[in-house]
Amino acid sequence: MTPIEAKNLPVSEVACSNCQACCCRLEVVILTDTGVPERHLSVDEWGRETMRRLDDGWCSALDRDTLMCSIYENRPLICREFEVASDECLAERAASM
């Protein structure tokens, strides 16, 4: 069987430069110590430490003007592992639009 060559496949248009920070509305559980400032932490109903979210659901560390993380160097492990344009990223973008 001869494989069929795929041509002109769409390239994801999701990049850091056009990210809409959809993942910044997700619950982020703190799994490791990365130095997240205390003012951005809260404790959920099960006693787990999480990133604090504001009344509108957005992460408190999100800079609203730039839609970038204000504590990027100290962001939680789960945020470090969440990849731009990954399946999870694309699903969150689709759900929020």
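These numbers come from the heavy atoms of this one structure, side chains and all, not from hydrogens, waters or symmetry mates. FYI, the numbering just counts along the sequence from 1.
For Asp65, there are no salt bridge (Lys or Arg N to Asp or Glu O under 4.0 Å) partners at least two apart in sequence or on another chain. Annotation: side-chain contact (heavy atoms from CB on, under 4.5 Å) contacts of Arg52 (sequence neighbours excluded): Ser42, Leu54, Ser60. In this view, Arg80 satisfies the salt bridge (Lys or Arg N to Asp or Glu O under 4.0 Å) rule with no residue, not counting sequence neighbours. Take Glu49 and apply the salt bridge (Lys or Arg N to Asp or Glu O under 4.0 Å) test, not counting sequence neighbours, and it matches no residue. Every residue two or more places apart in sequence or in another chain was checked for a salt bridge (Lys or Arg N to Asp or Glu O under 4.0 Å) with Asp87, and none qualifies. Listed by chain and residue number, Trp58 satisfy the side-chain contact (heavy atoms from CB on, under 4.5 Å) test with Arg25 (two or more places apart in sequence, or in another chain).
Screening Cys79, Cys59, Cys69 against Cys24 for a side-chain contact (heavy atoms from CB on, under 4.5 Å) leaves a single residue, Cys59.
Hydrophobic clustering, defined by side-chain heavy atoms of Ile, Leu, Val, Met, Phe, Trp and Tyr closer than 4.5 Å, groups Met51 together with Val28, Ile30, Val36, Leu41, Ile71, Ile78. The hydrophobic cluster around Val43 extends to none of the other residues, as no ILVMFWY side-chain heavy atom falls under 4.5 Å of it. Other members of the cluster containing Leu26 are Phe82, with ILVMFWY side chains joined at under 4.5 Å, either directly or via other members. Think of Met68 as one node in a network of Ile, Leu, Val, Met, Phe, Trp and Tyr side chains linked at under 4.5 Å; it has no links at all.
Put simply, the side chain of Thr50 never gets that close to the backbone of Val29: no donor and acceptor are under 3.5 Å apart. Under a 3.5 Å cut-off, the side chain of Ser70 and the backbone N or O of Ala61 do form a donor-acceptor pair.
Minimum heavy-atom separation, Ala21 to Leu62: CB-CD1, 4.0 Å.
Between the OG1 atom of Thr32 and the CG atom of Leu77 there is a distance of 4.5 Å, given to the nearest 0.5 Å.
Applying the salt bridge (Lys or Arg N to Asp or Glu O under 4.0 Å) test to residues at least two apart or on different chains, the pairs with a partner in residues 27-46 are Glu27-Arg48, Asp44-Arg48. Applying the salt bridge (Lys or Arg N to Asp or Glu O under 4.0 Å) test to residues at least two apart or on different chains, the pairs with a partner in residues 53-63 are Asp56-Arg64.
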